[in-house]
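Working notes, structure below.
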Amino acid sequence: TAPATPVDPKDKQATLLKSAKISVTAGVAGAVLTNPLDVVRNEMFKTEEGMVACMMRMSKESGPAWLLRGIGKNWVAVAAPIASTIFLTDRFKVWFGES
């Protein structure tokens with residue numbers, strides 16, 4: 001793949017689009033990477049098992065599928081706030097001249 005070309009800071013639409021892409025990518029990455037931890041935490045609350053015992057039981061019961069359990073809801077609960085925060089922080093920097 002070709003390296004990303006820098007965006008001209010004077011091109012407001014391109015800058016806005018780049019900021020949106022970065023924000024959404026970070027939000028989705030955060031949701032995907034933290035989802036297994038959320039699944040384990042929720043199972044631990046329900047069963048009062050330790051972390052390792054809980055992970056071992058879920059792996060026996062459903063294989064690696066437990067890693068993605070509830071990912072759709074997690075995208076809404078995690079990805080949207082992360083993406084919004086990053087995007088709005090970028091926008092505020094531009095609006096208030098800190099960028």
Side-chain angles (χ1 to χ4, degrees):
T1 62
T5 56
V7 173
D8 180 6
K10 295 175 187 169
D11 185 347
K12 297 210 185 281
Q13 185 175 2
T15 304
L16 189 66
L17 184 60
K18 179 181 178 184
S19 178
K21 287 178 182 179
I22 290 170
S23 301
V24 169
T25 301
V28 170
V32 169
L33 293 173
T34 61
N35 189 68
L37 299 173
D38 289 337
V39 172
V40 170
R41 183 193 62 197
N42 289 334
E43 280 294 313
M44 287 171 61
F45 280 129
K46 288 193 279 186
T47 63
E48 297 186 15
E49 292 176 302
M51 184 174 79
V52 174
C54 184
M55 292 169 68
M56 296 292 283
R57 180 183 53 75
M58 289 189 298
S59 293
K60 277 184 188 176
E61 290 175 359
S62 59
W66 70 267
L67 295 166
L68 297 176
R69 191 170 81 192
I71 191 74
K73 291 179 183 176
N74 206 20
W75 280 357
V76 174
V78 176
I82 290 173
S84 298
T85 300
I86 294 170
F87 181 76
L88 289 173
T89 300
D90 285 350
R91 293 295 88 210
F92 283 132
K93 285 181 178 180
V94 170
W95 293 333
F96 294 111
E98 294 182 27
S99 179

If we only count heavy atoms from C-beta on, is the L16 to F87 side-chain gap below 4.5 Å?
-> yes
For atom CD of Q13, is the number of surrounding heavy atoms from other residues, nucleotides or ligands below 6.0 Å larger than 12?
-> no
Side-chain donor or acceptor of N35 paired with backbone N/O of A31 under 3.5 Å | no
Distance, nearest 0.5 Å, that separates CG of L67 from CG of L37 = 10.0 Å
Examine distances only and state if a side-chain atom of S59 and a backbone atom of M55 form a donor-acceptor pair shorter than 3.5 Å.
-> yes
Cluster link V28 to I71, ILVMFWY, side chain under 4.5 Å = yes
So do R41 and D38 actually touch side chain to side chain, heavy atoms under 4.5 Å?
-> yes
Output for pair (K18 NZ, S23 OG), nearest 0.5 Å, gives 11.5 Å
Please name the pair of heavy atoms, one in V40 and one in W66, separated by the smallest distance, quoted to 0.1 Å.
-> CG2-CZ3, 3.4 Å
Passing candidate, side chain to side chain contact (heavy atoms under 4.5 Å, CB included) with C54, options M51, M56, M58 = M58
For the pair N74 (side chain) and V32 (backbone), establish whether a donor and an acceptor sit closer than 3.5 Å, ignoring hydrogens and angles.
-> no
Which heavy atom of P81 sits nearest a heavy atom of V76, and at what distance?
-> CD-O, 3.5 Å
